[in-house]
Amino acid sequence: MKLVSDTFRELFEHKAMQALGDFAEKRGVELYLVGGSVRDLLLERQTTDIDFALASDAIAFAKAFAARIRATCIVLEEAPSTARVVVKRSDVSGGLWLSMDFAQFRAASLIEDLRLRDLTINAMAVAFENTETFAKQGRAQNACHVVIDPCGGMKDLEAGLLRFPSERVVQEDPVRLLRVYRFAAQLDFEISEAAIALVVKHRLLLSNVAMERCRDELVKIFKVKKSYPYLRQLESVGLLEQVVPSISGTDSAWCSLEDFEKSPIPTGLDAYRNGINDYLREELGVEADRRTFIKLAFLCGDNPSSIGEHLRLSRKTVQFMANLISGSTEFKRIMPELTHKQIVDFLRTYLSDWFGVLLYAAALYPIDSAILKQVADTYYERILPVRNQGKLITGNDLIQTFRLKEGKQIGNLLKEIEDRQFAGEICTREEAFAAVAALIRQHSNC
C-alpha cells in the first residue's frame with residue numbers, strides 16, 4: 001500500500017495548511033487530522049476535503065481561523081460542534097481549493113472519539129504537528145508510527161476489509177448499515193462476516209433514519225461505476241427492500257442493470273461516445289448524474305413516481321426516469337417498421353433525453369446497431385440544426401403579417417410550420433411565411 005503522492009505533499013504545503021498550524025500553535029490547540037482524510041492518505045486517494053478534530057470550541061476555532069485567512073466559515077452542526085472553512089483559490093495566495101471541517105470530540109478523549117466512528121478504516125488520526133512528516137517520509141521511513149489507530153484500521157486497509165468498531169456505533173446511527181456497503185462499492189473492499197451479521201441483526205433500525213440520509217447513501221452506491229454486485233449484496237441482506245420497499249427485484253431488471261454497467265454505450269453509438277459521456281455526467285440532483293439514475297430506473301418497474309416520492313428525489317430526476325421507461329416502450333413499439341418520420345417524432349418527443357432512452361432501451365432488449373446509428377445520425381443531421389436555428393416565425397409575426405387574432409388558429413399554424421421545419425420541408429422565414437399564406441388560403445377555400 002502506498003502512503004502519499006505529490007498531490008498530498010502539495011496539500012500539506014498549501015499556505016492555508018501552514019497558516020492553520022501556526023494558528024493552532026499560537027492558541028495552544030491540539031489539532032488532529034482524522035477519519036476519511038487519514039484513510040485517503042493511506043490509500044493515496046486524491047482529496048481536498050480535510051477533516052480535523054479538537055477537544056473543544058470547534059466552531060469558535062473555525063470562525064477565528066477563517067477570519068484570520070479571510071476564508072468562508074459555515075456552521076454545520078451545533079452538537080457536536082462542527083464547522084467548515086472553505087478556502088478558495090484566491091484565498092491565502094491561491095493553490096488548491098480546500099474544504100476543511102473542524103469537529104469537536106464526541107467523547108472525553110480522542111481515542112474514545114475514534115472508537116465512536118462508523119468504520120475502523122475511518123477511525124484513525126494523526127496529530128497536526130506530525131502531518132508533514134507523515135506526508136514526506138512515506139511508509140519506507142516508518143511514518144506509520146505517527147498514526148493513532150485504536151481500532152486496527154491500518155490492518156483492515158491492508159486487507160481491504162470493512163469492520164464496525166463496535167455494535168454500539170450501528171445502534172447509535174443505523175445509516176451506517178448502508179454506509180458499509182457504500183464504502184465497499186467505492187473502495188472495492190470486502191465486508192467482514194461480523195459486520196454482515198450486525199447488518200442482518202439491526203436492519204430494521206433503518207426505519208428510524210431520515211429517508212434523505214438513506215437516499216444519499218443509496219445514490220452513492222448507484223453512482224459507483226460497477227455498483228451491481230454491491231446492490232445485490234444489499235438485496236441479499238434485506239437492506240435494499242428496507243430502504244425502498246417498492247423496488248423491483250426481477251431477474252430481468254437486474255440483468256439489464258448489469259448489462260448497462262458492463263457496456264453503457266452500444267456499438268451503434270460509438271461515433272457519439274464523447275457526447276454521450278458528457279450527457280451521462282450531467283448532474284440531475286442529490287449530487288448524482290444521469291448515469292446514476294439510468295441505473296436506478298432499471299429497478300423502478302413501471303412506476304418511478306412512487307420510488308421517487310419515497311426517496312425524496314427531485315421532480316426533474318423522477319421525470320427523467322419516467323421518460324426513460326416510457327421512451328423505451330415507445331421505441332420498442334415503433335422499431336419493427338421504423339420510418340424516418342417515426343424517428344423524427346421520437347426524437348422530438350424525447351428531445352432532451354433521447355440519448356438516455358436509447359441507452360436504457362439497448363440494455364433492456366436487443367437493438368440492431370444500424371438502427372441506433374440511424375437514430376443518432378437523424379438527430380445530428382436533422383433535429384439539432386433545427387434546434388440551433390430556432391423558430392422561423394412567431395405568433396406576433398402571424399398577427400402582424402396576416403392580421404390574425406390571438407387564438408387556436410395561430411397555435412395550429414405554428415405547429416404545422418414547426419412540423420415542416422423538422423421534416424426538412426421548410427428552412428427559411430420566407431418559406432415559412434409562404435407556407436402560412438398557402439395554409440390560410442386552403443382553409444378559406446374549404
Side-chain angles (χ1 to χ4, degrees), residues 34-40 42-43 45-47 49 51 101 116-124 151 153 156-157 159-167 169-244 247 249 254 257-258 261 283-289 291-296 298-299 307 310-313 317:
V34 295
S37 300
V38 177
R39 178 200 69 229
D40 288 341
L42 291 165
L43 292 174
R45 298 177 78 220
Q46 184 173 350
T47 183
D49 295 328
D51 298 321
D101 284 2
L116 294 177
R117 292 178 179 263
D118 54 2
L119 298 166
T120 61
I121 63 169
N122 296 330
M124 296 179 283
C151 302
D156 289 338
L157 276 182
L161 190 66
L162 297 175
R163 292 189 302 114
F164 296 118
S166 66
E167 185 172 5
V169 303
V170 171
Q171 294 171 312
E172 290 184 345
D173 189 0
V175 81
R176 290 166 172 171
L177 299 169
L178 283 172
R179 191 170 296 159
V180 68
Y181 287 90
R182 188 250 291 181
F183 275 107
Q186 291 177 332
L187 301 176
D188 193 23
F189 275 22
E190 295 291 329
I191 301 174
S192 71
E193 291 184 6
I196 293 174
L198 288 177
V199 169
V200 173
K201 179 179 179 181
H202 295 296
R203 64 180 182 270
L204 296 182
L205 292 177
L206 272 179
S207 61
N208 300 324
V209 178
M211 178 49 61
E212 289 81 359
R213 296 185 69 209
C214 293
R215 172 204 65 203
D216 291 348
E217 294 295 335
L218 184 63
V219 167
K220 287 175 182 177
I221 297 173
F222 273 97
K223 193 173 182 179
V224 173
K225 188 174 182 180
K226 299 295 183 183
S227 63
Y228 170 81
Y230 304 99
L231 292 166
R232 291 310 298 254
Q233 289 178 46
L234 275 181
E235 182 193 41
S236 69
V237 296
L239 276 188
L240 189 60
E241 184 180 0
Q242 184 66 28
V243 178
V244 194
I247 205 159
W254 283 111
L257 171 58
E258 186 178 23
E261 290 197 327
E283 297 286 323
L284 281 181
V286 291
E287 299 182 351
D289 52 23
R291 183 192 300 268
T292 299
F293 291 112
I294 288 175
K295 294 195 287 187
L296 176 58
F298 288 117
L299 303 182
I307 289 180
H310 183 77
L311 291 176
R312 314 287 198 272
L313 297 176
T317 299

Residue pair Asp51, Val38: steps toward the side-chain contact (heavy atoms from CB on, under 4.5 Å) verdict:
CA-CA 9 Å; Asp51 298 321; Val38 177; over 6 Å; no

Say you draw a straight line from OH of Tyr230 to CD of Gln186; how long is it, rounded to the nearest 0.5 Å?
10.5 Å

Set out, in order, the CA-CA distance, both residues' side-chain angles and the distance that settles side-chain contact (heavy atoms from CB on, under 4.5 Å) for Leu119 and Phe189, then state yes or no.
CA-CA 12 Å; Leu119 298 166; Phe189 275 22; over 6 Å; no

Residues in side chain to side chain contact (heavy atoms under 4.5 Å, CB included) with Leu116, at least two apart?
Arg106, Ala107, Arg168, Glu172

Output all residues satisfying side chain to side chain contact (heavy atoms under 4.5 Å, CB included) with Glu261, sequence neighbours left out; order by chain, then residue number.
Lys226, Ser227, Tyr228, Leu257, Lys295

So does Val243 get a backbone contact from the side chain of His310, meaning a donor-acceptor N/O pair under 3.5 Å?
yes

With a 4.5 Å cut-off on side-chain heavy atoms, are Met211 and Leu311 touching?
yes

Separation between SG of Cys151 and CZ of Arg163, rounded to the nearest 0.5 Å
7.5 Å

What distance do Arg39 atom CZ and Asp156 atom CG have between them, rounded to the nearest 0.5 Å?
13.0 Å

Glu258 with Arg232: basic N within carboxylate O range, under 4.0 Å:
no

If you look at every heavy atom in Gln242 and Arg203, which pair is closest and at what distance?
CG-O, 3.5 Å

Which one of Leu177, Val169, Val175, Val170 satisfies the side-chain contact (heavy atoms from CB on, under 4.5 Å) criterion with Asp173?
Val175

Checking Glu241 against Ile247 for the side-chain contact (heavy atoms from CB on, under 4.5 Å) test, could you report, in this order, the C-alpha distance in whole Å, the side-chain angles of both residues, the deciding distance, and whether it holds?
CA-CA 7 Å; Glu241 184 180 0; Ile247 205 159; 5.6 Å; no

Between CG on residue Leu206 and CD on residue Glu217, distance to nearest 0.5 Å
10.0 Å

Any side-chain heavy atom of Arg215 sitting closer than 4.5 Å to one from Leu313?
yes

Quick one, Leu299 and Trp254 - any side-chain contact, counting heavy atoms below 4.5 Å?
yes

dist Ile196:CD1 -> Ile191:CD1 (nearest 0.5 Å) comes out at 5.5 Å

Walk me through it: do Arg179 and Arg213 pass the test side-chain contact (heavy atoms from CB on, under 4.5 Å)?
CA-CA 10 Å; Arg179 191 170 296 159; Arg213 296 185 69 209; 3.8 Å; yes

Do Asp118 and Val180 touch side chain to side chain, with heavy atoms closer than 4.5 Å?
no

Donor-acceptor pair, side chain of Ser192 and main chain of Leu162, under 3.5 angstrom:
yes

Within 6.0 angstrom of Glu212 CD, more than 12 heavy atoms from elsewhere
yes

Where the side chain of Arg45 meets the backbone of Leu187, is there a donor-acceptor pair that is under 3.5 Å apart?
no

Which distance, rounded to the nearest 0.5 Å, do you find between the CZ of Arg182 and the CG of Leu218?
11.5 Å

